[in-house]
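Structure, as C-alpha coordinates:
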Number of protein chains: 2
Amino acid sequence: MIRYCHSCGSGVTHRIPEGDSLQRAVCDACGTIHYQNPKMVVGCLATYGDRILLCKRAIEPRLGLWTLPAGFMENNESASEGAAREAMEEANARVEIADLYTVYSIPHISQVYMMFLAKLLDPDVSPGIESLEVKLATEDEIPWDQLAFTMVRRSLEHFLEDRRNGVFVPRFGDIRPPHR
Amino acid sequence: MIRYCHSCGSGVTHRIPEGDSLQRAVCDACGTIHYQNPKMVVGCLATYGDRILLCKRAIEPRLGLWTLPAGFMENNESASEGAAREAMEEANARVEIADLYTVYSIPHISQVYMMFLAKLLDPDVSPGIESLEVKLATEDEIPWDQLAFTMVRRSLEHFLEDRRNGVFVPRFGDIRPPHR
(Lines give C-alpha, C1' and ligand atoms only; values in the text may rest on other atoms or scores of the structure.)
Protein backbone atom coordinates (compact mmCIF):
# COMPACT_ATOMS: atom_id res chain seq x y z
CA MET A 1 0.00 0.00 0.00
CA ILE A 2 1.50 3.33 -1.09
CA ARG A 3 1.05 5.99 1.61
CA TYR A 4 3.78 8.51 0.73
CA CYS A 5 5.06 10.00 -2.52
CA HIS A 6 8.37 8.42 -3.55
CA SER A 7 9.45 11.66 -5.22
CA CYS A 8 8.72 14.30 -2.55
CA GLY A 9 7.71 12.36 0.58
CA SER A 10 4.26 13.98 0.93
CA GLY A 11 1.22 11.89 1.83
CA VAL A 12 -0.65 10.61 -1.23
CA THR A 13 -4.37 10.43 -1.87
CA HIS A 14 -5.98 7.42 -3.55
CA ARG A 15 -8.22 8.60 -6.35
CA ILE A 16 -8.87 8.31 -10.08
CA PRO A 17 -6.68 10.87 -11.86
CA GLU A 18 -8.25 13.02 -14.57
CA GLY A 19 -8.39 11.13 -17.86
CA ASP A 20 -7.80 7.79 -16.12
CA SER A 21 -10.29 5.10 -15.14
CA LEU A 22 -8.59 3.39 -12.19
CA GLN A 23 -7.70 4.55 -8.69
CA ARG A 24 -4.02 5.46 -8.24
CA ALA A 25 -1.85 6.80 -5.43
CA VAL A 26 -1.64 10.46 -6.45
CA CYS A 27 0.62 13.09 -4.89
CA ASP A 28 -1.23 16.40 -4.78
CA ALA A 29 1.96 18.19 -3.69
CA CYS A 30 4.18 17.37 -6.69
CA GLY A 31 1.77 15.69 -9.11
CA THR A 32 3.43 12.26 -9.22
CA ILE A 33 1.08 9.39 -10.04
CA HIS A 34 2.28 6.05 -8.66
CA TYR A 35 1.25 3.37 -11.12
CA GLN A 36 1.32 -0.24 -9.95
CA ASN A 37 1.46 -2.97 -12.58
CA PRO A 38 1.72 -6.76 -12.74
CA LYS A 39 5.11 -8.34 -12.16
CA MET A 40 6.66 -10.79 -14.56
CA VAL A 41 8.14 -14.06 -13.34
CA VAL A 42 10.58 -15.65 -15.78
CA GLY A 43 12.01 -19.14 -15.66
CA CYS A 44 12.79 -22.26 -17.62
CA LEU A 45 12.07 -25.90 -18.12
CA ALA A 46 15.67 -27.05 -18.56
CA THR A 47 16.52 -30.53 -19.72
CA TYR A 48 19.62 -32.69 -19.88
CA GLY A 49 18.90 -35.69 -22.06
CA ASP A 50 15.57 -37.02 -20.80
CA ARG A 51 15.93 -35.34 -17.39
CA ILE A 52 14.26 -32.14 -16.17
CA LEU A 53 15.81 -29.70 -13.70
CA LEU A 54 13.69 -29.27 -10.55
CA CYS A 55 14.39 -27.19 -7.42
CA LYS A 56 13.06 -27.73 -3.90
CA ARG A 57 12.11 -24.35 -2.47
CA ALA A 58 14.06 -23.03 0.52
CA ILE A 59 11.80 -19.96 0.82
CA GLU A 60 8.15 -19.15 1.24
CA PRO A 61 5.71 -19.46 -0.34
CA ARG A 62 5.59 -23.25 -0.76
CA LEU A 63 8.80 -23.89 1.17
CA GLY A 64 9.83 -27.54 0.72
CA LEU A 65 7.85 -28.06 -2.48
CA TRP A 66 9.32 -28.54 -5.95
CA THR A 67 9.40 -25.94 -8.69
CA LEU A 68 11.01 -25.03 -11.97
CA PRO A 69 13.68 -22.34 -11.58
CA ALA A 70 11.93 -18.97 -11.93
CA GLY A 71 11.83 -15.55 -10.32
CA PHE A 72 10.99 -11.89 -10.77
CA MET A 73 12.32 -10.36 -13.95
CA GLU A 74 14.64 -7.39 -13.27
CA ASN A 75 14.84 -4.04 -15.01
CA ASN A 76 17.26 -3.85 -17.94
CA GLU A 77 17.25 -7.55 -18.76
CA SER A 78 15.33 -9.49 -21.39
CA ALA A 79 12.90 -12.23 -20.40
CA SER A 80 15.29 -14.95 -21.64
CA GLU A 81 18.24 -13.38 -19.82
CA GLY A 82 16.17 -13.36 -16.65
CA ALA A 83 15.23 -17.02 -17.13
CA ALA A 84 18.90 -18.00 -17.49
CA ARG A 85 19.86 -15.88 -14.47
CA GLU A 86 17.24 -17.61 -12.31
CA ALA A 87 18.53 -21.06 -13.33
CA MET A 88 21.99 -19.98 -12.21
CA GLU A 89 20.77 -18.41 -8.95
CA GLU A 90 18.52 -21.27 -7.88
CA ALA A 91 20.43 -24.30 -9.18
CA ASN A 92 23.91 -23.11 -10.27
CA ALA A 93 22.75 -24.30 -13.67
CA ARG A 94 24.28 -23.09 -16.92
CA VAL A 95 21.53 -23.15 -19.52
CA GLU A 96 20.99 -22.24 -23.12
CA ILE A 97 17.55 -20.71 -23.47
CA ALA A 98 15.50 -21.88 -26.47
CA ASP A 99 11.88 -20.99 -27.24
CA LEU A 100 9.28 -19.34 -25.07
CA TYR A 101 7.04 -22.21 -24.02
CA THR A 102 4.31 -21.32 -21.49
CA VAL A 103 2.85 -17.93 -20.55
CA TYR A 104 0.34 -17.75 -17.70
CA SER A 105 -1.46 -14.73 -16.31
CA ILE A 106 -2.41 -15.01 -12.65
CA PRO A 107 -4.70 -11.98 -12.23
CA HIS A 108 -5.54 -12.39 -8.54
CA ILE A 109 -1.89 -11.95 -7.60
CA SER A 110 -1.03 -9.61 -10.53
CA GLN A 111 1.73 -11.81 -11.92
CA VAL A 112 2.54 -13.14 -15.37
CA TYR A 113 4.75 -16.23 -15.72
CA MET A 114 6.89 -16.70 -18.82
CA MET A 115 8.63 -20.09 -18.97
CA PHE A 116 11.20 -20.99 -21.62
CA LEU A 117 12.45 -24.31 -22.90
CA ALA A 118 16.17 -24.60 -22.19
CA LYS A 119 19.08 -27.01 -22.49
CA LEU A 120 21.35 -27.62 -19.52
CA LEU A 121 24.90 -27.17 -20.80
CA ASP A 122 26.23 -29.62 -18.22
CA PRO A 123 24.61 -31.76 -15.51
CA ASP A 124 26.64 -30.19 -12.72
CA VAL A 125 23.86 -28.49 -10.75
CA SER A 126 23.62 -27.68 -7.03
CA PRO A 127 21.28 -25.73 -4.74
CA GLY A 128 21.49 -21.95 -4.78
CA ILE A 129 20.49 -19.91 -1.72
CA GLU A 130 16.76 -20.18 -2.50
CA SER A 131 16.82 -23.97 -2.97
CA LEU A 132 17.08 -26.78 -0.42
CA GLU A 133 17.87 -29.37 -3.07
CA VAL A 134 17.96 -29.66 -6.86
CA LYS A 135 17.59 -32.71 -9.07
CA LEU A 136 17.54 -33.86 -12.65
CA ALA A 137 14.34 -35.88 -12.72
CA THR A 138 13.18 -38.42 -15.27
CA GLU A 139 9.45 -38.44 -16.01
CA ASP A 140 8.93 -41.20 -13.43
CA GLU A 141 10.75 -39.21 -10.76
CA ILE A 142 8.63 -36.03 -10.96
CA PRO A 143 7.04 -35.47 -7.49
CA TRP A 144 3.54 -34.68 -8.80
CA ASP A 145 2.05 -34.43 -5.31
CA GLN A 146 4.77 -32.07 -4.09
CA LEU A 147 4.80 -29.41 -6.81
CA ALA A 148 4.81 -25.80 -5.60
CA PHE A 149 2.61 -24.07 -8.18
CA THR A 150 -0.08 -24.76 -10.77
CA MET A 151 2.17 -23.25 -13.46
CA VAL A 152 4.82 -25.89 -12.68
CA ARG A 153 2.36 -28.76 -13.01
CA ARG A 154 0.86 -27.39 -16.23
CA SER A 155 4.25 -26.67 -17.80
CA LEU A 156 5.48 -30.17 -16.97
CA GLU A 157 2.29 -31.80 -18.27
CA HIS A 158 2.49 -29.88 -21.55
CA PHE A 159 6.18 -30.66 -21.92
CA LEU A 160 5.76 -34.41 -21.40
CA GLU A 161 2.79 -34.52 -23.79
CA ASP A 162 4.68 -32.53 -26.43
CA ARG A 163 7.82 -34.64 -26.01
CA ARG A 164 5.77 -37.77 -26.68
CA ASN A 165 4.32 -36.10 -29.77
CA GLY A 166 7.71 -34.88 -30.93
CA VAL A 167 6.64 -31.24 -31.32
CA PHE A 168 6.68 -28.44 -28.74
CA VAL A 169 3.70 -26.11 -28.94
CA PRO A 170 3.73 -22.84 -26.97
CA ARG A 171 0.85 -22.49 -24.52
CA PHE A 172 -0.69 -19.46 -22.92
CA GLY A 173 -3.56 -19.06 -20.55
CA ASP A 174 -4.80 -17.81 -17.21
CA ILE A 175 -4.59 -19.37 -13.78
CA ARG A 176 -7.47 -18.45 -11.46
CA PRO A 177 -8.05 -19.19 -7.78
CA PRO A 178 -8.34 -21.67 -6.16
CA HIS A 179 -6.26 -23.59 -8.71
CA ARG A 180 -2.93 -21.89 -8.06
CA MET B 1 13.82 7.71 -9.05
CA ILE B 2 12.61 6.65 -5.60
CA ARG B 3 13.70 9.15 -2.91
CA TYR B 4 11.18 8.48 -0.11
CA CYS B 5 9.70 5.31 1.38
CA HIS B 6 6.13 4.76 0.19
CA SER B 7 5.24 3.05 3.48
CA CYS B 8 6.59 5.48 6.10
CA GLY B 9 7.76 8.57 4.17
CA SER B 10 11.40 8.42 5.38
CA GLY B 11 14.25 9.08 2.97
CA VAL B 12 15.55 5.88 1.33
CA THR B 13 19.13 4.79 0.70
CA HIS B 14 20.15 3.12 -2.56
CA ARG B 15 22.15 0.02 -1.77
CA ILE B 16 22.29 -3.74 -2.28
CA PRO B 17 20.20 -5.40 0.47
CA GLU B 18 21.67 -8.38 2.30
CA GLY B 19 21.20 -11.56 0.26
CA ASP B 20 20.44 -9.58 -2.90
CA SER B 21 22.71 -8.76 -5.84
CA LEU B 22 21.18 -5.54 -7.19
CA GLN B 23 20.86 -2.04 -5.81
CA ARG B 24 17.41 -1.20 -4.43
CA ALA B 25 15.77 1.76 -2.74
CA VAL B 26 15.87 0.59 0.89
CA CYS B 27 14.14 2.27 3.83
CA ASP B 28 16.37 1.99 6.88
CA ALA B 29 13.58 3.35 9.08
CA CYS B 30 10.91 0.69 8.43
CA GLY B 31 12.80 -1.91 6.38
CA THR B 32 10.75 -1.64 3.18
CA ILE B 33 12.64 -2.58 0.02
CA HIS B 34 11.22 -0.90 -3.08
CA TYR B 35 11.63 -3.33 -5.97
CA GLN B 36 11.28 -1.98 -9.49
CA ASN B 37 10.49 -4.42 -12.26
CA PRO B 38 9.77 -4.34 -15.99
CA LYS B 39 6.34 -3.28 -17.11
CA MET B 40 4.21 -5.33 -19.45
CA VAL B 41 2.53 -3.77 -22.46
CA VAL B 42 -0.36 -5.82 -23.84
CA GLY B 43 -2.16 -5.33 -27.12
CA CYS B 44 -3.55 -7.00 -30.19
CA LEU B 45 -3.32 -7.38 -33.91
CA ALA B 46 -7.05 -7.33 -34.63
CA THR B 47 -8.45 -8.19 -38.03
CA TYR B 48 -11.77 -7.84 -39.79
CA GLY B 49 -11.67 -9.94 -42.94
CA ASP B 50 -8.38 -8.99 -44.61
CA ARG B 51 -8.12 -5.66 -42.77
CA ILE B 52 -5.97 -4.83 -39.74
CA LEU B 53 -6.91 -2.34 -37.03
CA LEU B 54 -4.37 0.52 -36.74
CA CYS B 55 -4.42 3.58 -34.47
CA LYS B 56 -2.75 6.95 -35.01
CA ARG B 57 -1.26 8.07 -31.72
CA ALA B 58 -2.66 11.19 -30.04
CA ILE B 59 -0.04 11.05 -27.27
CA GLU B 60 3.72 11.02 -26.91
CA PRO B 61 5.91 9.18 -27.58
CA ARG B 62 5.52 8.98 -31.36
CA LEU B 63 2.49 11.27 -31.52
CA GLY B 64 1.00 11.16 -35.03
CA LEU B 65 2.51 7.77 -35.93
CA TRP B 66 0.59 4.53 -36.37
CA THR B 67 0.47 1.67 -33.90
CA LEU B 68 -1.42 -1.45 -32.93
CA PRO B 69 -3.70 -0.91 -29.91
CA ALA B 70 -1.60 -1.65 -26.81
CA GLY B 71 -0.90 -0.26 -23.36
CA PHE B 72 0.30 -1.01 -19.87
CA MET B 73 -1.24 -4.10 -18.31
CA GLU B 74 -3.10 -3.31 -15.06
CA ASN B 75 -3.11 -5.22 -11.79
CA ASN B 76 -5.85 -7.85 -11.41
CA GLU B 77 -6.36 -8.44 -15.11
CA SER B 78 -5.00 -11.17 -17.38
CA ALA B 79 -2.82 -10.32 -20.36
CA SER B 80 -5.62 -11.11 -22.82
CA GLU B 81 -8.14 -9.06 -20.82
CA GLY B 82 -5.70 -6.15 -20.93
CA ALA B 83 -5.26 -6.53 -24.68
CA ALA B 84 -9.05 -6.41 -25.22
CA ARG B 85 -9.36 -3.41 -22.87
CA GLU B 86 -6.74 -1.47 -24.82
CA ALA B 87 -8.52 -2.14 -28.13
CA MET B 88 -11.67 -0.69 -26.59
CA GLU B 89 -9.89 2.31 -25.04
CA GLU B 90 -7.88 3.26 -28.12
CA ALA B 91 -10.28 2.37 -30.92
CA ASN B 92 -13.69 1.63 -29.37
CA ALA B 93 -13.11 -1.81 -30.84
CA ARG B 94 -14.86 -4.92 -29.58
CA VAL B 95 -12.47 -7.81 -30.10
CA GLU B 96 -12.30 -11.51 -29.42
CA ILE B 97 -8.76 -12.34 -28.33
CA ALA B 98 -7.26 -15.49 -29.86
CA ASP B 99 -3.67 -16.73 -29.46
CA LEU B 100 -0.65 -14.96 -28.06
CA TYR B 101 1.35 -14.03 -31.14
CA THR B 102 4.45 -11.89 -30.46
CA VAL B 103 6.43 -11.32 -27.26
CA TYR B 104 9.26 -8.79 -27.27
CA SER B 105 11.56 -7.79 -24.42
CA ILE B 106 12.90 -4.24 -24.67
CA PRO B 107 15.56 -4.27 -21.93
CA HIS B 108 16.79 -0.69 -22.29
CA ILE B 109 13.36 0.65 -21.36
CA SER B 110 12.43 -2.29 -19.09
CA GLN B 111 9.29 -3.23 -20.96
CA VAL B 112 7.90 -6.49 -22.32
CA TYR B 113 5.33 -6.40 -25.12
CA MET B 114 2.77 -9.19 -25.47
CA MET B 115 0.65 -8.95 -28.61
CA PHE B 116 -2.31 -11.23 -29.30
CA LEU B 117 -4.09 -12.16 -32.50
CA ALA B 118 -7.70 -11.01 -32.29
CA LYS B 119 -10.88 -10.83 -34.33
CA LEU B 120 -12.84 -7.59 -34.53
CA LEU B 121 -16.44 -8.47 -33.70
CA ASP B 122 -17.72 -5.62 -35.87
CA PRO B 123 -16.04 -3.00 -38.09
CA ASP B 124 -17.52 -0.07 -36.16
CA VAL B 125 -14.32 1.46 -34.72
CA SER B 126 -13.56 5.07 -33.80
CA PRO B 127 -10.73 6.96 -32.07
CA GLY B 128 -10.49 6.72 -28.28
CA ILE B 129 -8.89 9.53 -26.26
CA GLU B 130 -5.34 8.34 -27.02
CA SER B 131 -5.91 8.09 -30.79
CA LEU B 132 -6.18 10.81 -33.44
CA GLU B 133 -7.59 8.43 -36.02
CA VAL B 134 -8.19 4.70 -36.45
CA LYS B 135 -8.44 2.64 -39.60
CA LEU B 136 -8.97 -0.86 -40.91
CA ALA B 137 -6.05 -1.19 -43.30
CA THR B 138 -5.52 -3.70 -46.07
CA GLU B 139 -1.93 -4.87 -46.57
CA ASP B 140 -1.42 -2.21 -49.27
CA GLU B 141 -2.66 0.53 -46.95
CA ILE B 142 -0.21 -0.08 -44.08
CA PRO B 143 1.83 3.13 -43.59
CA TRP B 144 5.23 1.37 -43.26
CA ASP B 145 7.15 4.65 -43.07
CA GLN B 146 4.89 6.04 -40.33
CA LEU B 147 4.82 3.19 -37.81
CA ALA B 148 5.39 4.20 -34.19
CA PHE B 149 7.44 1.28 -32.86
CA THR B 150 9.70 -1.58 -33.97
CA MET B 151 7.33 -4.05 -32.31
CA VAL B 152 4.51 -2.83 -34.57
CA ARG B 153 6.56 -3.28 -37.72
CA ARG B 154 7.79 -6.73 -36.69
CA SER B 155 4.36 -7.93 -35.62
CA LEU B 156 2.82 -6.76 -38.91
CA GLU B 157 5.63 -8.32 -40.99
CA HIS B 158 5.25 -11.68 -39.19
CA PHE B 159 1.48 -11.57 -39.53
CA LEU B 160 1.53 -10.88 -43.26
CA GLU B 161 4.13 -13.60 -43.84
CA ASP B 162 2.19 -16.10 -41.73
CA ARG B 163 -1.09 -15.21 -43.44
CA ARG B 164 0.47 -15.92 -46.83
CA ASN B 165 1.73 -19.26 -45.48
CA GLY B 166 -1.61 -20.06 -43.90
CA VAL B 167 -0.20 -20.78 -40.45
CA PHE B 168 0.40 -18.38 -37.56
CA VAL B 169 3.59 -19.07 -35.61
CA PRO B 170 4.20 -17.29 -32.28
CA ARG B 171 7.38 -15.22 -32.20
CA PHE B 172 9.44 -13.98 -29.30
CA GLY B 173 12.62 -11.99 -29.16
CA ASP B 174 14.38 -8.90 -27.93
CA ILE B 175 14.41 -5.38 -29.32
CA ARG B 176 17.64 -3.47 -28.65
CA PRO B 177 18.56 0.14 -29.31
CA PRO B 178 18.78 1.86 -31.74
CA HIS B 179 16.22 -0.30 -33.52
CA ARG B 180 13.22 0.68 -31.44
Side-chain angles (χ1 to χ4, degrees), chain A residues 1-12 19-22 24-25 27 32 34-42 59 72-82 85 89 97 99-112 114 116 129-130 169-176, chain B residues 1-12 19-22 24-25 27 32 34-42 59 72-82 85 89 97 99-112 114 116 129-130 169-176:
Chain A
M1 179 65 151
I2 296 176
R3 293 202 182 89
Y4 297 91
C5 176
H6 63 220
S7 287
C8 77
S10 301
V12 298
D20 201 341
S21 57
L22 293 175
R24 318 282 182 186
C27 178
T32 297
H34 302 74
Y35 295 97
Q36 293 179 282
N37 302 93
K39 289 194 190 298
M40 297 199 46
V41 180
V42 291
I59 53 173
F72 289 116
M73 186 174 168
E74 298 282 1
N75 278 353
N76 301 123
E77 71 181 359
S78 71
S80 55
E81 287 167 350
R85 176 182 53 70
E89 287 181 8
I97 300 290
D99 283 337
L100 181 58
Y101 187 52
T102 55
V103 178
Y104 297 117
S105 295
I106 314 184
H108 62 287
I109 57 170
S110 297
Q111 292 183 358
V112 176
M114 288 180 51
F116 291 83
I129 195 167
E130 295 182 1
V169 181
R171 307 298 212 291
F172 82 94
D174 304 337
I175 294 176
R176 307 278 177 176
Chain B
M1 180 64 151
I2 296 176
R3 293 201 183 91
Y4 297 91
C5 176
H6 62 220
S7 286
C8 78
S10 301
V12 297
D20 203 339
S21 57
L22 294 175
R24 316 282 181 186
C27 179
T32 297
H34 303 74
Y35 295 98
Q36 293 178 282
N37 302 92
K39 289 193 191 297
M40 298 199 46
V41 180
V42 290
I59 54 172
F72 289 117
M73 186 175 167
E74 299 283 1
N75 278 353
N76 301 122
E77 70 180 359
S78 71
S80 55
E81 287 167 349
R85 177 182 52 73
E89 287 181 8
I97 299 290
D99 283 338
L100 181 60
Y101 187 52
T102 56
V103 179
Y104 297 117
S105 295
I106 314 183
H108 62 288
I109 56 170
S110 296
Q111 292 182 358
V112 176
M114 289 180 53
F116 291 82
I129 195 166
E130 296 182 0
V169 182
R171 308 297 212 292
F172 81 96
D174 304 338
I175 294 175
R176 308 277 179 177

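Residue numbers begin at 1 in each chain, while the letters A, B, ... track the order of the sequences.
- Taken to the nearest 0.5 Å, the CD1 atom of B/Ile106 stands 11.5 Å off from the OG atom of A/Ser78.
- Contact detail for B/Asn76 and A/Ser110: the closest heavy-atom pair is N-OG, 2.9 Å.
- Interface residue A/Glu77: only backbone heavy atoms are found under 4.5 Å from chain B.
- No other option in A/Pro170, A/Cys8, A/Cys5 has as many heavy-atom pairs under 4.5 Å with chain B as A/Cys8.
- Rounded to the nearest 0.5 angstrom, B/Tyr4 OH and A/Thr32 OG1 are separated by 11.5 Å.
- Of all heavy-atom pairs spanning A/Asn37 and B/Phe72, the tightest one is ND2-CB, 3.9 Å.
- In this structure, A/Ser7 and B/Arg3 approach most closely via the heavy-atom pair O-NH1, 3.7 Å.
- Looking at A/Met1, the atoms closer than 4.5 Å to chain B (heavy atoms on both sides) all sit in the backbone: N, CA, C or O.
- Contact tally against chain A (heavy-atom pairs below 4.5 Å) for B/Gly19, B/Gly11, B/Pro38: the top residue is B/Pro38.
- Atom-to-atom distance recorded for B/Met40:CE and A/Gln111:CD is 12.0 Å, nearest 0.5 angstrom.
- Interface residue B/Ile2: backbone and side-chain heavy atoms are both found under 4.5 Å from chain A.
- Neither the backbone nor the side chain of A/Arg85 comes within less than 4.5 Å of any heavy atom in chain B.
- Nearest heavy-atom pair, B/Met73 versus A/Ser105, reported as atom, atom and distance to 0.1 Å: CE-OG, 4.3 Å.
- Contact annotation for B/Asp174: only side-chain heavy atoms (C-beta onward) come within less than 4.5 Å of a heavy atom of chain A.
- If you measure heavy-atom distances from B/Glu81 to chain A, the contacts under 4.5 Å come from the side chain alone.
- Minimum interatomic distance between A/Met114 and B/Val112 (heavy atoms only, all atoms of both residues): SD-CG1, 4.3 Å.
- Contact of A/Leu100 with chain B is made through backbone and side chain together, with heavy-atom distances under 4.5 Å.
- Heavy-atom pairs under 4.5 Å with chain B were tallied for A/Glu89, A/Gln36, A/Arg171; the largest tally goes to A/Gln36.
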